[in-house]
Amino acid sequence: MSKIEYITNENKKIINRVNTINFDDFSPENIDDMGEYKEHGHERKRLEKIIDRGSRPYLIYGAKGIGKTALIHSICKDKGIALVEYSCGMGTSRADLQGKTQVDENGSYYERGFFPTCFEVANHFGHAVGYLDEIGALEEDIQKWTNRPLDSRKSCSAGGRTYRLKEGCTLAFITTTNPIEYAGVNNLTEDLRSRLIGSKWQYPTAEQVEKIIDWTDIPIDTVKEPLLTFSQDTFVSRKKGNIDYVLSPRDIIQFVDSYREIKEDFPDWDISDILAETIREAVIIKYTDPQEEEFIKGRATETFGVTL
């Protein structure tokens, strides 16, 4: 059960009961460590400046698994900035963003949602990031409830009170979304788009992917080079409409890790068997449509030179 604090007026009269925020949950020390972030270009420096200023909400538009969340975590952890994050979904409601009335044995109280929590955390720590992951998953009518916090008003009304920044405090809102062709991703409303600046992260080139993967003990000719070629082929194949799923850097890391594990687990297997099992485990499993699975099997057989 949530702990409750009491909101009083200037005469010390209780005017509302709200849930108590555990600020330790959002402290820089408790941000999840997603590992070292390796840049594709100059995206880290620019986002650091956006977060430092906190003047305008920022959108990162790009495919899954290319490091959007990892970069935000890395910056906040390294710079000691509090982080409030929320993963949007098709079921996200106004109550998730603003808050809702709850009831306990003492009556009703207000449970603060994402935006009020962001303002309270920023005021507590002096500097915070409010991270809305996959904002494109929000239905259009829910997107409208992001307008006031994200524009020049930089405030929100919830539970009968207005939340805004104290003087000298900074709150940077960062949002991300996947490409519109992904299932479950909606177009952003015009009024939301008008409040955002941002950047589009392109699918990384083979050279960029090569720099961000640990290739230790991975054979170059039989695994590394074919894998880089194959991942780029999935991007092209999606654009042609042959498949829906593109291998991301996250998928390539999984592939490399699975290869190492299978090689260790089955020391008597030859390289082709290890590679074939890795492809099944880290690639084929991601394609549930029978036609797409057969297409990917054919491309993998051709690229890696193994029988699946």
>> Could you check whether any side-chain heavy atom of L138 comes within less than 4.5 Å of a side-chain heavy atom of T146, counting everything from C-beta outward?
In response: yes

> Which value, rounded to the nearest 0.5 Å, describes the distance between L247 atom CG and D233 atom CG?
Replying inline: 10.0 Å

> When rounded to the nearest 0.5 angstrom, what is the spacing between CD1 in I252 and CD1 in I212?
Replying inline: 7.5 Å

>> Within the 4.5 Å heavy-atom criterion, are R112 and Y110 side-chain neighbours or not?
In response: yes

>> With rounding to the nearest 0.5 angstrom, report the CD to CD1 distance, Q291 to I243.
In response: 13.0 Å

>> Quick check against the 3.5 Å criterion: does Q208 have a side-chain atom that pairs as donor or acceptor with the backbone of T205?
In response: yes

>> Centroid separation under 6.0 Å, is that true for the rings of F115 and Y163?
In response: no

>> Return the OH to NZ distance between Y287 and K297, rounded to the nearest 0.5 Å.
In response: 13.5 Å

>> Nearest 0.5 Å, please: how far is NE2 in H127 from CG in L165?
In response: 10.0 Å

> Distance-only, no hydrogens or angles: does the T278 side chain make a donor-acceptor pair with backbone N or O of I274 under 3.5 Å?
Replying inline: yes

>> Is there a side chain to side chain contact (heavy atoms under 4.5 Å, CB included) between L192 and I135? Walk through the geometry before answering.
In response: CA-CA 10 Å; L192 176 53; I135 195 172; 3.9 Å; yes

> Going by the angle between their ring planes, with limits at 30° and 60°, are F304 and F255 parallel, tilted or perpendicular?
Replying inline: parallel

> Are W269 and P267 side-chain neighbours, meaning at least one heavy-atom pair lies under 4.5 Å?
Replying inline: no

>> Is the shortest side-chain heavy-atom distance between L59 and T177 below 4.5 Å?
In response: yes

> Side chains of L97 and R94: closer than 4.5 Å at any heavy-atom pair?
Replying inline: no

> If only atom types and distance count, is the side chain of T229 paired as donor or acceptor with the main-chain N or O of E225 below 3.5 Å?
Replying inline: yes

> Are F173 and Y58 an aromatic pair by the rule of ring centers under 6.0 Å?
Replying inline: no

>> Using the rule given for side-chain hydrogen bond (donor to acceptor under 3.5 Å, both in side chains), can you reason through S258 versus E281, listing the C-alpha separation, both sets of side-chain angles and the distance that settles it, and then say yes or no?
In response: CA-CA 8 Å; S258 290; E281 183 175 292; 3.1 Å; yes

>> Let's go through L227 and V256 carefully: what are the C-alpha distance in whole Å and the side-chain angles of both, what is the deciding distance for side chain to side chain contact (heavy atoms under 4.5 Å, CB included) to 0.1 Å, and is it a yes or a no?
In response: CA-CA 9 Å; L227 178 57; V256 169; 4.1 Å; yes

> Short question: side chain of T303, backbone of A300 - any donor-acceptor pair under 3.5 Å?
Replying inline: no

> Taking it one step at a time, do L171 and C118 satisfy side chain to side chain contact (heavy atoms under 4.5 Å, CB included)?
Replying inline: CA-CA 8 Å; L171 174 59; C118 286; 4.0 Å; yes

> Is any side-chain heavy atom of Y131 closer than 4.5 Å to a side-chain heavy atom of T69?
Replying inline: yes

> Should D244 and R238 count as an ion pair when the cut-off is N to O under 4.0 Å?
Replying inline: no

> Looking at E277 and R280, does any basic side-chain N land under 4.0 Å from a carboxylate oxygen?
Replying inline: yes

> Between Y259 and D257, is a side-chain hydrogen bond (donor to acceptor under 3.5 Å, both in side chains) present by the stated rule, with each step listed?
Replying inline: CA-CA 5 Å; Y259 181 88; D257 289 342; over 6 Å; no

> How long is the gap from CG on N178 to CD1 on I60, to the nearest 0.5 Å?
Replying inline: 12.0 Å

> Is the backbone of S155 close enough, under 3.5 Å, to the side chain of R164 for a donor and an acceptor to pair up by distance?
Replying inline: no

> Hey, is D251 close enough to K286 for a salt bridge, meaning N to O under 4.0 Å?
Replying inline: yes

>> Pair V246, Y203 - check side chain to side chain contact (heavy atoms under 4.5 Å, CB included), show working.
In response: CA-CA 9 Å; V246 177; Y203 186 81; 3.3 Å; yes

>> Please tell me whether Y86 and M34 are part of a single hydrophobic cluster in this structure, the criterion being side-chain heavy atoms less than 4.5 Å apart.
In response: no

> Given the rule in the side-chain hydrogen bond (donor to acceptor under 3.5 Å, both in side chains) test, do N30 and S27 qualify, once you have shown the distances and angles that lead to the verdict?
Replying inline: CA-CA 6 Å; N30 292 324; S27 68; 3.1 Å; yes

>> Using only atom types and a distance under 3.5 Å, with no angle test, would you say the side chain of D96 pairs donor to acceptor with the backbone of S93?
In response: yes

> Does a side-chain N-to-carboxylate-O contact under 4.0 Å join D52 and K79?
Replying inline: yes

>> For E264, is there an ion pair with R260 - N to carboxylate O distance below 4.0 angstrom?
In response: no

> Salt bridge or not for E29 and K77, using N-O below 4.0 Å?
Replying inline: no

> Is it the case that K68 places NZ or CZ above or below the six-membered ring of Y61, under 6.0 angstrom from the centre and within 45 degrees of the axis?
Replying inline: no

> With a cut-off of 6.0 Å (strictly less than), are more than 12 heavy atoms of other residues, nucleotides or ligands near CZ of R44?
Replying inline: yes

> Hey, are E43 and R46 close enough for a salt bridge, meaning a charged N less than 4.0 Å from a carboxylate O?
Replying inline: no

> So with a 6.0 Å cut-off around CD1 of I271, is the heavy-atom count from everything else above 12?
Replying inline: yes

> Is there side-chain contact between Y109 and V18, with at least one heavy-atom pair below 4.5 Å?
Replying inline: no

> Under a single-linkage definition using a 4.5 Å side-chain heavy-atom cutoff for Ile, Leu, Val, Met, Phe, Trp and Tyr, are F23 and F119 assigned to the same hydrophobic cluster?
Replying inline: yes

>> Donor-acceptor check, side chain of D214 to backbone of T216, threshold 3.5 angstrom: yes or no?
In response: yes

> Got a donor-acceptor contact below 3.5 angstrom from the E210 side chain to the L228 backbone?
Replying inline: no

>> Does I197 have more than 12 heavy atoms from other residues, nucleotides or ligands lying within 6.0 Å of its CD1?
In response: yes

> Hey, mind stepping through S157 and R148 against side-chain hydrogen bond (donor to acceptor under 3.5 Å, both in side chains) and telling me if it holds?
Replying inline: CA-CA 9 Å; S157 293; R148 178 172 172 175; 3.0 Å; yes

> Taking S74 for the side chain and L71 for the main chain, is one N or O donor matched with an acceptor at less than 3.5 Å?
Replying inline: no

